[in-house]
Every structure is written in C-alpha cells, then in structure tokens.
Amino acid sequence: MTDRYDFKAIEAKWQEYWEREGLYNVKEEPGKPKYYALEMFPYPSGNLHMGHVRNYSIGDVLARFKTMNGFNVLHPMGWDAFGLPAENAAIQHGIPPSKWTQENIMEMVEQLKILGFSYDWDREISTCDPDYYKWTQWLFLQFYKHDLVYKAESSVNWCPSCSTVLANEQVVDEQCERCGTTVHDRNLEQWYFRITRYADRLLDGLDDLPGWPEKVKIMQNNWIGRSEGVLIHFPLEGGETVPVFTTRADTLYGVTYMVLAPEHPLVDKLTRGTKYENPVKEFISETRGMDNIQRTSEEHEKEGMFIGAYAENPINGDEVPIWIANYVLMDYGTGAVMAVPGHDQRDLEFAQKYNLPVKIVVNPTEKNDDNESTIEAFADDGISVNSGFISGLPTPEAREKITEYIEEKGLGERQINFRLRDWLISRQRYWGTPIPILYCEKCGIVPVQEEDLPVYLPKDVEFKPTGESPLKYHDQFLNAACPECKGMATRETDTMDTFVDSSWYFLRYTSPQEKNHVVDKNKERYWMNVDQYIGGVEHAILHLMYARFFTMALKDMGMISAEEPFENLLTQGMVLKDGAKMSKSKGNTVDPKEIVNEYGADTARLFILFAAPPERDLEWNDEAVEGCYRFLNRVWRLVSTYEGSIKGLTPEAYRVKDEREKDLNRVMHNTIKRVTEDIGERFHYNTAISAIMEFYNAIQGYCDQQPRNKQNLQLIKEAVSNLVVLLAPFTPHIAEDLWERIGNAPSVHGQAWPKYDSAALKVDDVTMVIQVNGRLRDRMNVSVDTSEEEIKDKALSRERVSKYLNNKEIVRTIVIPGRLINIVAK
RNA sequence: GCCGAAGUGGUGGAAUAGGCAGACGCGCUGGACUCAAAAUCCAGUGGGCUUUAAAGCCCGUGCGGGUUCGACCCCCGCCUUCGGCACCA
C-alpha cells in the first residue's frame, strides 16, 4: 500500500526535527576543514520574494553539499535592518520604525524557516540591534583615529524626496537609487570615509580574486578608474602657477587655452577688480543654480567664458588664455585642464563653439583614415608633429620623453589619479546608526568615548511629515556633556549610510555574541574568508567595494586577518515573469508563500534551481513548477513501492548479475559523478537535477522491465539510497523522510556524500559515429579496446560508408577513439 | 559614445576539452486505464523532402565571411537584446 506524498506533514516534521536537534548550529572545529557559505542578508521588508528564495536556495544547496562532503559549514543569516522604508512606515502609518522592523523580521524568519534553509539561527544578527550598531560606531571611532574619517564641505547629491544626501554610488542616471527622484546639488558639510586611500589596493586586489566574475571586476575597475599622467605647472603672471593633470603630456605643444572649473579658487582671485569679475560671477551662479535635470537635458552642451587672464605654456613660453567652463569638474585632478582641441573631443567642441585655435600635434600613423573632418579630434596614438624635440616620435615614446623632460626641469611631476571619490556616509535620517560625534563649543568636534558606546538611538521620537530627522528635536539625545571639558555639547544628528552597517556583518557572524571586541580574532581567523558569497549583481560596485574597503582597513588596524572578504562570488540572475523582472508595480509577482502552500518548499526549491543555471535570469513558469512537483511525486511512489522490501536489508556489497543490473549500476555511478561535479565545480544545479531525473528514470525503467521475482533488491536499495542522498541538498525534507522510510536513522544530511566507482563507469562496447567528409553516415558498435586500424577497417567495410566512397580516393582518416571516425575522401 | 554579457525547437534550457545539436523538464499529439473526467502510465514530438515500406536525403544553433578533416564552440565583420559607465582631462 502506498501513501500519498504529504509535503505539508513532511516539511513540518523535519523542520521541527532540525531545530530540535540543532543540526545547523556550528562551532569552530580546528581539526576539520571549514567552509563559510554566505548569501547577502536581506532588508526586512516583511515579505520574502522570489529573488530571495532563489538566492537562499542556491546557498542552501551549497551549504548542505559541503557539509555532506565533510566540511564544517558556517551558514548564517541576518538583517540589514536600518533604512528608509521603516521611517516611511512611521511617517505614513504611525508605526515606530523599531516595531515595524522587528515585526517584519519575525515574519521573514517564519518564511525562511518554512523553506527549510539550513541556517545557524543562533548567529542571527540585526544591524539595528544596539549590540551590533555599538560596534559599527566603535569602528567609526577607529576609522576616525586612523584618519580614515573626516568632515568636509562640498557639493553633494541631495535627494529631495528622501531628504538626505547620497553617495555617488547611490545616484543612478542623476536619480536617487532608492526612490527615483532627480537628485540636486547642494553644498553641505558631511562625513566621509577616506576610501580613496585604498584605491590602489582595491584595484590591485581584484587580480587576486580569480573566483569573482570578470564582469564584476571590470565594473569595479572602471569605477575606481586609475589613470597615470603628469601634473604640469603652468606659470601665471606674478609667479604663481596653475597645476593641471594630463594623461597626454605629449600633446603639450598643442595647448591653445586652459580651462578652470567654475568653482576653482583661482577664478575669484584672477577676476577680482577686473571687468570680468561680474560677468564671471553671473555665469557661475547660473551654472551652479541649475539642477541636474537642466544640466543633462542640454545634452552636454559645453558652455564657458574667458576670464581675462593668461598662463604660460611651460614647454614653449606660449601665452595661454584662461577660460572657465561647465565641462571641467572641480573634484577630479586639480579642477583645471590644459585644452588640446586638436586631440581631445571635448576641447574641440568647446573650441569650435568659441572660435579658439586648433593646433595639430599628432598625426595618425595610417594616412588612409578619413581624418580630414574637423568634427572629430584625433585622440588615438600616432606620431608627434610640430612638437619640438618630440616631433617624429610615436605617442608612447613621445609621452615618456616629454615627461622625463618636465620632471628634469621641475615643470611638473608624474601623478596617478582615480575616479573613485571618498565615501559620503552621513544621512540626514533617523533610522540608522548614530554617528558617535559631539560638537562642543569649546573643544569643537569631539568623538564619543569608546566606553560611552553605544550612542543609543532614542525610541520615543516624533516624526515630522517633512521627513526631517526627529533626532534634531530630541533634547535628551541632542544634549550631552563634552568628554574633554565636561561642558555642554551637542550630538551629531546625522546617522550612517546603511552600507556602513553591511560592510562588516560577515565578520560579526564569526562571533556574533562577542561582548568585548568587534570580533573574536581567533574565530575570525578560523572562519574567514567567506568561501562563497552569493547575491544580486546590483551590488557589484556599492556593497562589494565598501565591504572590501572595510576588510582591508580593519586588517591594517590589526583587528582581523583577512585582506579580502569574499573568496568566491556568484552573482545570481533575476527572477522574471512574462519577460520582465517581478515587481509589485508591474503586478507580475508570484508569492513564495502561495507556491509553498500549494506544492511545498521542496518543489519551490527544485523548480527555482532547475529552471536555469544560477547566474542567468530565470523565467517563472507555473506549469514547469507542476512538473517538478510531479517528479517528486514519482520519486515518492517509487520509494513507497519498495520501502517495505528493502527497509530490512542490511547494507552489504551488492552484486550485479546481468546486463540490466550492470547498466543501472553504471548509470548510478555516472550520476554520482555528474551531480558531484555539477554542484561542486560548476554551480550547474540545473544539470545536476537533470542527471538525478535521468537516474530516477533508469531505476524506474529497471523495475518495470525486470520481473518482480528477478529484481535485485540489494541493488535497488543501493540505487534508491543514492537517489535520496543526491536529492538531499536540493529537496531536504522529502529526502529526509524517504531516508528514514528505507530504514535509516536521520539525518540524511549527516550522511557522507557518495563516491563513484570508476570501475562501474567502464563500458565494454561503444557506439561510434562514422563520418565521410564530415557528414554523419553511419554508426557502429565496437568494443572499447578496438585498435585504430581495426576501427578503420570496420568502418570502411560498411555498406553505408562504402557507397559514399565510390570512385573516390581516401585522403585521410581521423579516429577519435570511442567517439567518432571521419573519412576524408576526394 | 565606451566597456561587458547574451542570442540554440512551440517553450525553459543541455552539449564540461573543436567531435552524434536539441539531454532533462514543460507544452503538444496519439494511446492505455475510466461510464466519464482528473490523476497516473506508455509512445511520439526541430523543419523540409523522397519512398509501398524498411529506410534514406537535404536544411538547421541571430546574419555574412573565414580557419579546420570536422565549428553552437575559435577568428573577422555586422544585427538585435540586456547590463554597466558616461564630460574623469
């Protein structure tokens, strides 16, 4: 009698068992190899979506697989719990952010548990927990001590809807990454992390990450944007000089004007008291008053004006008029550029608009290029001309020679510039880690003493409908004694960017309850690095670069041993429905809860892993989900049919007696091989699952073909056991249940991963393909040890082959043993 | 504009090292079981053509070339889609 696959009862039973037995709680075991599997922790929005299910299913397969392969696996989960949605809920619905967040976390823990993920819940952390943010603040203070934090005024990105500033990384297409509102420029005094000090290391470190996708490394590489060049000092009348940065020192003879950024401090100095003073001021206030919509809508139209001053080209003494223009950025290089309109597209456009002279100093090597056009500047390498002592030299040599000359004569020096900017971390928001800083009238900026941490985020706050931070109006929070002079001081009311919280959480997982240190150094050394990190590619730059920066900085401060946090990175694709990303606004979401309710967690996991390889986007398909459900039902029925007759069999060496048994045995070992390699080496979970399905088909086929009284039950037991064990990482609940039903003590996840026997993989005969001139003409069965000569003879003697060889001469024969023979004939 | 990825049946995808294109699943068609349906099981399923049939032939991995005995795979030139960057001197 076979009973029904009752996934509800099975899943509840085993989830309860795992929790009761503490199966997934781990501690350091120095004798055992460790494996740290980590999925990006979620923001507790209150709802698990399919992207999460996919992310965590991928991680769970890996964690369970590694455990079964003898590793001591750390597989933690936590909450990126600070952030705007909690505040919006407070403003709109009057629910305190902490309450809203706590409730969401509880809800999501439930959802994660019903999916059967193997997390060590004892290590759960939440970034909004004072025990956690205390250490975020403590790290801020260490960064402060090491001059990695500073406060500065500059032009920043302001999101009027979120009423807060944003880091460069959080501005996408001039819009706020979170809410899509167009960002404005504002001049504000803000806190920065000196990530630029690590620019070189962040860049060079990418070479030591072979386990990262090339795509992500390229994106980080571009973002850091290292460029080598020369700082050249252009003298002004009166002895002062203007430094400009250029990567094309070889075009120095082609300079026809110079451009300063409108904000450049020299602008004011050079125009004061001249007839240019007022028009220049007007121009500057006009450009600066523009917000980013206007600037971008003008399609990068270059605008500027002459400011009445001249510099001298240090190489030849030419007089160089000084302009200001909106296309020169104050915060890159020196905020001043030497303009070479002959060989720089931007300079050319500007020169044409304002009738500035164009001088050609580099000729293309190949004359046939249509370089006649005056619309395009020749910016490639070529041969220097009209350039004094470097004339006639190819660009790389010309650049090197003139650079040497510049350095020798003291006209400038080599410099390396980065596009990466320092990381702006202040946010004018309530629900975040308070920045542990005090402002004292007497002592100025004073860091909070370490023993006074944490600076608690007050819970009794009132929200303004404007979104303005309630911390500004909370007297108890605001007022504090200065630790230095004991006088009155005011607290910093800005909180930290939530990316600060998530830049070190993976370290905290190694010792989440540690009271006296940010991490327990020994535990950190045991568990780090993260062996496999899994998450969405949208974090390719932001989170993944900040986390690398933190890891390097903490290492330098002697707190941890790791240089890079994530040894291997897997960026999973999106979950699509009807060709578009699932989203509430498009109304094409599928709720994981409903799927689990209808088919069970095992089916949901199986489908999501089977439908596409992890890196690719996955198209949701309800009918295919049912296919996975049917498969699990078939497995269930197969095991039910045999459980009574195989349960009592003691595990003993099984013997294969005939061809059918031998075939099944071979498929079994081949499946073990394929699944092991697909999970462990390639992350091709989809093909691993296909292999398991084929294995099931083979077992079922054997059972159907062999009369009941001739079946080798010992072999069936072995096959079914392996089928269940191979399924265990993907569909843990049904595997656990079937494992018990065929007479084993739980847990199947404590089983050693099966090994294949290469002897069983051997075949006696193989089918070889016969090609004539590369076209498939025939097949033949030969014994595996047939020699090449015999294969040729056999192939040529076949009628189907010989009919293609009439009146032709055999030129060549290629034999790939065991696969194919190709006869080339003319 | 620059950088990167992808393009394979009706469909999701497979082909691990240049060697049988389409594994596995979905869908579809036919059949079995059933009074009937659902569920389940069995068989077939890239396109075109020839043949009474067995079977055979041709075409086929976005397009056009190339290398090779042999190309989904390597090279060159395009097209399309998606992602990243975008006045960085």
Side-chain angles (χ1 to χ4, degrees), chain A residues 172-174 213-223 225-227 229 244-248 251 259 295-296 299-302 325-329 331-340 343-347 349-350 379 417-421 537-538 540-541 571 573-574 576 579 606-607 610-613 615-628 630-631 633-634 637 674 677-678 681-682 684 686-697 700 704 767-777 779 800 811-816 818-825:
Chain A
V172 179
D173 290 335
E174 309 293 336
E214 242 4 83
K215 171 171 71 163
V216 173
K217 289 193 276 188
I218 288 166
M219 279 158 78
Q220 289 209 2
N221 198 323
N222 293 341
W223 191 265
R226 181 188 146 107
S227 63
V244 303
F245 176 76
T246 180
T247 54
R248 289 296 300 272
T251 61
V259 192
R295 281 204 193 173
T296 43
E299 290 283 309
H300 294 164
E301 181 69 24
K302 290 168 183 51
N326 59 357
Y327 76 95
V328 173
L329 308 171
D331 57 354
Y332 183 78
T334 63
V337 301
M338 58 182 228
V340 186
H343 306 286
D344 182 286
Q345 190 56 31
R346 297 155 300 181
D347 295 343
E349 281 166 28
F350 192 76
N417 265 332
F418 294 93
R419 297 183 46 185
L420 181 71
R421 306 294 148 84
V537 72
E538 65 273 17
I541 299 171
T571 53
M574 291 184 296
L576 311 177
L606 189 66
F607 165 73
F610 178 59
E615 313 80 16
R616 270 219 242 175
D617 288 349
L618 178 152
E619 176 71 31
W620 187 268
N621 179 336
D622 289 322
E623 282 163 336
V625 174
E626 266 190 64
C628 289
R630 283 205 293 266
F631 172 70
N633 271 288
R634 284 198 289 270
R637 273 196 305 276
R674 285 167 67 188
E677 289 169 358
D678 281 353
E681 293 165 25
R682 308 196 305 156
H684 284 201
N686 56 330
T687 52
I689 293 167
S690 316
I692 294 171
M693 288 172 168
E694 286 177 63
F695 181 34
Y696 161 83
N697 290 342
Q700 188 66 58
D704 288 346
T767 304
M768 281 189 69
V769 164
I770 307 172
Q771 296 182 336
V772 178
N773 289 332
R775 318 201 66 143
L776 180 95
R777 294 303 179 192
R779 294 163 210 272
R800 290 232 196 107
V811 186
R812 205 174 149 188
T813 316
I814 293 112
V815 177
I816 309 294
R819 283 184 181 260
L820 127 173
I821 170 168
N822 187 11
I823 300 156
V824 186

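Naming convention: chains lettered A, B, ... in sequence-line order (proteins, then strands); numbering from 1 in each chain.
Arg226(A) comes within 4.0 angstrom of nothing in the nucleic acid, heavy atoms only.
A donor and an acceptor atom never sit less than 3.5 Å apart when one is taken from the side chain of Arg819(A) and the other from the base of C20(B).
Pairing partner, C2(B): G84(B), with both Watson-Crick or wobble hydrogen-bond distances short of 3.5 Å.
With P as the reference atom, A71(B) and C20(B) are 11 Å apart, rounded to whole Å. Annotation: G13(B) and U8(B) have their P atoms spaced 9 Å apart (nearest Å). Rounded to a whole angstrom, the distance from the C1' atom of C74(B) to that of C58(B) is 27 Å. A gap of 15 Å separates the P atoms of G65(B) and C59(B), to the nearest Å.
Anti is the glycosidic conformation of G47(B), whose angle departs from 0 by more than 90°.
Taking the ring centre of Phe350(A) as origin, the terminal cationic atom of Lys302(A) falls outside the region bounded by 6.0 Å and 45° from the ring axis.
Comparing C20(B), A89(B), U16(B) by their nearest atom to the side chain of Ser227(A) picks out A89(B).
Whole-Å rounding puts the Glu538(A) CD to C82(B) P distance at 18 Å. For the pair Glu214(A) CD and A5(B) P, the computed distance is 9 Å after rounding to whole Å.
Within the 4.5 Å cutoff, no side-chain heavy atoms of Arg248(A) are placed close to those of Val340(A).
At distances below 3.5 Å, not a single donor-acceptor pair connects side-chain atoms of Asn822(A) with backbone N or O atoms of Ile814(A).
Using the six-membered ring where Trp is involved, Trp620(A) and Phe607(A) have ring planes that are perpendicular, over 60° apart on the 30 and 60° scheme.
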